[in-house]
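Beneath this line is the structure, given in structure tokens, with notes to follow.
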Amino acid sequence: MKVTLLNRNNRVYSSNAYLVQGDWNRLEDVNTLIDAGTDESILEELERSNVGVGKKKVERLILTHNHFDHTGNLSVIKKMYQPTVYAFHEDEHVDVVLKDGQVLQIGDREIEVIHVPMHSSDSICLYCREEGTLFSGDTPLRVLSAGGSYTKEFIKVIERLNNLDISVVYSGHDAPSRKGIKEMLRNTIKNVKTSCLMGTFA
């Protein structure tokens with residue numbers, strides 16, 4: 001699986017957008033864009049990308065949630081490439097409404113949909129077990145201190161993520177992370193549980 005973080009103009013507020021391809025651009029691979037962003041330079045880079053002969057540059061578009069910085073280019077991308085759009089919420093541009101635990105092909109691998117109702121009610125992570133890859137969207141994986149308000153559902157999901165073999169995290173705004181992921185998740189669980197003991201359940 002090949003993951004490309006599309007370049008962004010730092011003067012435009014936008015989420016990260018990731019183009020996922022198969023390693024060899026085979027016909028059966030599914031070129032997938034994870035989040036659409038708002039920065040139009042993403043569209044220019046998609047046009048320049050080499051995605052394989054006879055294949056659409058974007059066959060699937062998966063939204064990690066419906067906030068504008070992740071969806072601003074959605075209508076343009078849909079018009080340009082006619083991808084099938086997947087999300088955890090209903091919308092006029094969404095073709096398939098996802099479910100927790102659902103498995104999809106992206107590139108030449110399969111990913112599992114993990115619903116994380118914290119940052120928004122429709123937020124999801126995408127996990128590729130074979131490569132230990134997690135696309136986390138805006139899920140708050142790094143909670144540095146106690147305080148704040150959290151749900152019991154969020155604790156369960158973070159514990160679920162901590163039990164996975166994750167070697168790289170592609171987040172919605174930060175650079176990819178490959179070090180200290182287990183420690184980060186353990187600290188987050190500790191701080192979130194401490195917050196809940198302090199009576200700050202949402």
Side-chain angles (χ1 to χ4, degrees), residues 1-8 14-37 39-65 70-71 73-74 76-78 80-88 94-96 98-116 123-139 141 160-182 184-185:
M1 181 171 72
K2 178 182 177 183
V3 180
T4 302
L5 170 57
L6 301 179
N7 289 330
R8 287 171 29 203
S14 174
S15 74
N16 290 335
Y18 299 97
L19 178 63
V20 182
Q21 303 167 248
D23 287 325
W24 304 103
N25 283 338
R26 299 174 304 178
L27 282 175
E28 59 266 34
D29 297 342
V30 182
N31 295 329
T32 302
L33 187 66
I34 297 178
D35 283 330
D39 182 5
E40 292 184 359
S41 70
I42 291 172
L43 308 177
E44 297 170 6
E45 190 166 359
L46 280 172
E47 278 297 287
R48 294 193 300 267
S49 61
N50 177 17
V51 298
V53 177
K55 295 174 64 61
K56 285 200 279 186
K57 293 183 183 294
V58 183
E59 298 173 62
R60 284 184 172 164
L61 170 54
I62 304 176
L63 302 173
T64 60
H65 60 293
H70 294 254
T71 64
N73 286 324
L74 175 56
V76 178
I77 291 172
K78 192 154 189 181
M80 291 174 66
Y81 304 115
Q82 296 83 49
T84 303
V85 177
Y86 296 75
F88 208 83
V94 174
D95 302 300
V96 179
L98 295 168
K99 297 179 180 179
D100 183 61
Q102 187 170 344
V103 175
L104 294 172
Q105 182 180 344
I106 63 172
D108 54 0
R109 295 289 187 264
E110 290 186 338
I111 54 96
E112 178 185 356
V113 176
I114 301 174
H115 183 212
V116 190
S123 286
I124 58 172
C125 292
L126 304 169
Y127 175 63
C128 175
R129 186 176 302 276
E130 190 170 354
E131 299 203 4
T133 299
L134 184 75
F135 297 91
S136 62
D138 285 357
T139 299
L141 300 182
R160 177 180 171 186
L161 294 177
N162 188 50
N163 288 328
L164 300 177
D165 183 13
I166 301 173
S167 58
V168 56
V169 174
Y170 293 103
S171 79
H173 292 276
D174 297 324
S177 175
R178 293 179 171 85
K179 295 181 179 179
I181 295 171
K182 276 289 186 186
M184 173 185 70
L185 290 173

Residue pair L126 / T133, side-chain heavy-atom distance below 4.5 Å: no
Could you tell me whether the side chain of T71 and the main chain of L74 form a donor-acceptor pair under 3.5 Å? no
Donor on one side chain, acceptor on other, H70 and D138, under 3.5 Å: yes
Side chains of N31 and V58 in contact at under 4.5 Å (non-hydrogen atoms): no
Tell me whether D108 contacts the main-chain N or O of W24 through its side chain, where contact means a donor paired with an acceptor under 3.5 Å. no
Trace of the side chain to side chain contact (heavy atoms under 4.5 Å, CB included) decision for D29 with L27: CA-CA 6 Å; D29 297 342; L27 282 175; over 6 Å; no
Can you find a pair of side-chain heavy atoms, one from Y170 and one from N16, that are under 4.5 Å apart? no
Under a 4.5 Å cut-off applied to non-hydrogen side-chain atoms, are S14 and I42 in contact? yes
Pairwise side-chain contact, L141 with V169, heavy-atom cut-off 4.5 Å (strictly under): yes
Indicate whether the side chain of T84 and that of D95 have a donor and an acceptor atom separated by less than 3.5 Å. no
Treating S49 as the side-chain partner and E47 as the backbone partner, does any N or O pair qualify as donor plus acceptor under 3.5 Å? no
Between D100 and R160, does any side-chain N to carboxylate O distance fall below 4.0 Å? yes
Q82 atom CD, over 12 foreign heavy atoms within 6.0 Å: yes
Worked check of side chain to side chain contact (heavy atoms under 4.5 Å, CB included) between V168 and L134: CA-CA 6 Å; V168 56; L134 184 75; over 6 Å; no
Apply side chain to side chain contact (heavy atoms under 4.5 Å, CB included) to the pair I106 and F135, showing each step before the final yes or no. CA-CA 12 Å; I106 63 172; F135 297 91; 4.1 Å; yes
Does some side-chain heavy atom of S15 sit less than 4.5 Å from a side-chain heavy atom of H173? yes
Going by side-chain hydrogen bond (donor to acceptor under 3.5 Å, both in side chains), name the residues that satisfy it together with Q102, two or more places apart in sequence or in a different chain. none
Distance (rounded to the nearest 0.5 Å) between I166 CD1 and L185 CG: 5.5 Å
CA sep, side-chain torsions, deciding dist, call: D35, T64, side chain to side chain donor-acceptor pair (under 3.5 Å): CA-CA 6 Å; D35 283 330; T64 60; 2.8 Å; yes
For the residue pair Y127 / E110, report whether a side-chain donor-acceptor contact shorter than 3.5 Å exists. no
Applying salt bridge (charged side-chain N to carboxylate O under 4.0 Å, His left out), run through R109 and E131 and close with a yes or a no. CA-CA 8 Å; R109 295 289 187 264; E131 299 203 4; 3.0 Å; yes
Main-chain N/O of D39 paired with N73 side-chain donor or acceptor, under 3.5 Å: yes
Give a yes or no on this: more than 12 heavy atoms of other residues, nucleotides or ligands lie within 6.0 Å of atom NZ of K182. yes
Chi angles and distances behind the side chain to side chain contact (heavy atoms under 4.5 Å, CB included) call for L164, I114: CA-CA 12 Å; L164 300 177; I114 301 174; 3.9 Å; yes
Residues two or more places apart in sequence or in another chain: which of them pass ring-ring contact (aromatic ring centres under 6.0 Å, His included) with F88? H115
For a 4.5 angstrom cut-off between non-hydrogen side-chain atoms, does T32 reach L61? no
